[in-house]
Amino acid sequence: MANFAIRRYKNRDYDIVRLLFAQGMIEHLPVTCIYILKLLRVHFVLMVSFISLLMASRSYLLSFMCMTAILAAGWQLLKAEFNHYVEQCYSEDLMDIEKSYMVNSRSCFWVAESNGRVIGIVGAQGAEESDDVMVLRRLSVAKDQRFKGVAKSLCTTVIDFARQQGCKNVTLETSMIQHGAHKLYESMDFQKSNVRVFPTWFARLTNFSVFTYTYNIETH
């Protein structure tokens with residue numbers, strides 16, 4: 001039997017909700033770095049840079065030190081990009097969660113709680129472009145509480161809410177490197193319905209894509 005309960009958001013949850021979201025995002029930083037380093041264009045740039053440094057300095061040691069500095073700078077730029085995204089979300093719907101999710105009848109925010117500790121979060125908002133679509137947002141589960149059914153229960157809560165609102169579909173977006181999330185959604189019968197490049201300079205440079213998944217309520 002599950003040792004957690006899902007309830008509606010309360011104002012006292014504000015800080016932990018924002019923290020769980022930020023932690024969930026930042027932990028994807030290493031995976032994203034590995035993805036970038038595997039790109040052929042990055043291999044080419046690094047190789048050309050190393051050869052150029054070696055020809056200019058005639059020192060393997062100095063060339064390796066410069067390459068290490070370049071990689072460290074790249075890590076910091078990537079980290080800054082992630083932090084910028086978190087801050088952007090903080091200034092949007094997560095700035096005032098009560099107003100963003102709990103005032104309108106077609107939106108809601110929930111937390112999963114275990115022994116008085118908030119261990120998971122998720123939000124739902126009606127899509128602006130259609131009354132038939134509910135958007136699942138901000139799903140995140142504490143790292144030490146995963147593989148216990150928390151994320152699946154939070155998703156089911158959103159689907160049930162969407163069904164009560166008379167929606168035909170639930171949609172969500174997730175990045176290409178969130179493989180665990182892909183498996184979760186696909187196991188729940190979400191279907192990948194769109195792929196687009198994330199609209200930032202970093203994403204355009206690395207072809208970093210966002211997947212849209214859709215759950216058809218009418219067929220379940």
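Looking only at distances, a side-chain donor or acceptor of Q178 sits under 3.5 Å from a matching main-chain atom of S175. With E218 contributing its side chain and C167 its backbone, the two residues share no donor-acceptor pair below 3.5 Å. Checking side-chain atoms of S63 against main-chain N and O of L54 turns up a donor-acceptor pair under 3.5 Å.
L29 CG to F82 CZ: the interatomic distance, rounded to the nearest 0.5 Å, is 5.5 Å. Rounded to the nearest 0.5 angstrom, I119 CD1 and I6 CD1 are separated by 9.0 Å. Here the OG1 atom belonging to T206 is positioned 5.0 Å from the CD1 atom belonging to I36, to the nearest 0.5 angstrom. Rounded to the nearest 0.5 Å, atoms CD1 (I51) and CG (L46) are 11.0 Å apart. A distance of 10.5 Å separates OG1 in T32 from CD in E27, rounded to the nearest 0.5 Å. One finds the CD atom of Q165 at 10.0 Å from the CD1 atom of I217 (value rounded to the nearest 0.5 Å).
Taking both residues in full, the closest heavy atoms of W110 and G123 are given as CZ3-C, 4.4 Å, listed atom of the first, atom of the second, then distance. Taking each heavy atom of L154 and G120 in turn, the nearest pair found is CD1-C, 3.9 Å. Heavy-atom minimum distance, R106 versus V133: NH2-O, 3.7 Å. Taking every heavy atom of both residues into account, I97 and Y14 meet most closely at CD1-CD1, 3.9 Å. Summarising the geometry of F211 relative to M176, their closest heavy-atom pair is CZ-CB, 3.8 Å, with the distance given to 0.1 Å. Closest heavy-atom contact between Y101 and A124: CD2-O, 3.7 Å.
For R8, the CZ atom counts as loosely surrounded, since its 6.0 Å shell holds 12 or fewer non-hydrogen atoms of other residues, nucleotides or ligands. Around the CE atom of M55, the shell of radius 6.0 Å holds no more than 12 heavy atoms that belong to other residues, nucleotides or ligands.
In terms of hydrophobic clustering, with Ile, Leu, Val, Met, Phe, Trp and Tyr side chains grouped at heavy-atom distances under 4.5 Å, M25 and F208 are assigned to a common cluster. With hydrophobic clusters built from ILVMFWY side chains whose heavy atoms lie under 4.5 angstrom apart, L39 shares a cluster with L37. Hydrophobic clustering (side-chain heavy atoms under 4.5 Å, transitive across Ile, Leu, Val, Met, Phe, Trp, Tyr) keeps V135 apart from V17. Linking ILVMFWY side-chain heavy atoms closer than 4.5 Å, directly or via other members, places V31 and L78 in a single hydrophobic cluster. A single hydrophobic cluster is seen to contain both V195 and L172, as judged by linkage of ILVMFWY side chains at heavy-atom distances under 4.5 Å, directly or through other members.
A donor-acceptor contact under 3.5 angstrom links the side chains of Q125 and R137, judged on distance only.
Between R163 and D160 there is a salt bridge, since a side-chain N of the basic residue sits under 4.0 Å from a carboxylate O of the acidic one. Using a 4.0 Å cut-off between charged side-chain N and carboxylate O, D144 and R117 make a salt bridge. We find that D93 and R138 are joined by a salt bridge, their nearest charged nitrogen and carboxylate oxygen being less than 4.0 Å apart. We find that E173 and R196 are joined by a salt bridge, their nearest charged nitrogen and carboxylate oxygen being less than 4.0 Å apart. Contact check on K168 versus D131 returns no salt bridge, with no Lys/Arg side-chain nitrogen under 4.0 Å from an Asp/Glu carboxylate oxygen.
Ring orientation note: the planes of Y9 and F109 are nearly perpendicular, at an angle over 60° on the 30°/60° scale.
The other members of the hydrophobic cluster of L61, by chain and number, are M65 (side-chain heavy atoms under 4.5 Å, ILVMFWY only). Applying the under-4.5 Å side-chain rule to Ile, Leu, Val, Met, Phe, Trp and Tyr, the cluster around F147 consists of that residue alone.
Every pair passing side-chain hydrogen bond (donor to acceptor under 3.5 Å, both in side chains) that includes a residue from residues 208-217 is listed here, sequence neighbours excluded: E186-Y213, S193-T214. Here side-chain hydrogen bond (donor to acceptor under 3.5 Å, both in side chains) pairs that include residues 64-86, with residues two or more places apart or in two chains, are E81-T200, E81-W201. Every pair tested for salt bridge (Lys or Arg N to Asp or Glu O under 4.0 Å) that includes a residue from residues 33-54 fails, sequence neighbours excluded, so the list is empty. Residue pairs meeting the ring-ring contact (aromatic ring centres under 6.0 Å, His included) criterion with at least one partner in residues 35-66, sequence neighbours excluded, are F50-F64.
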Steps toward salt bridge (charged side-chain N to carboxylate O under 4.0 Å, His left out) verdict (R18, D13)
CA-CA 9 Å; R18 285 162 59 97; D13 304 318; over 6 Å; no
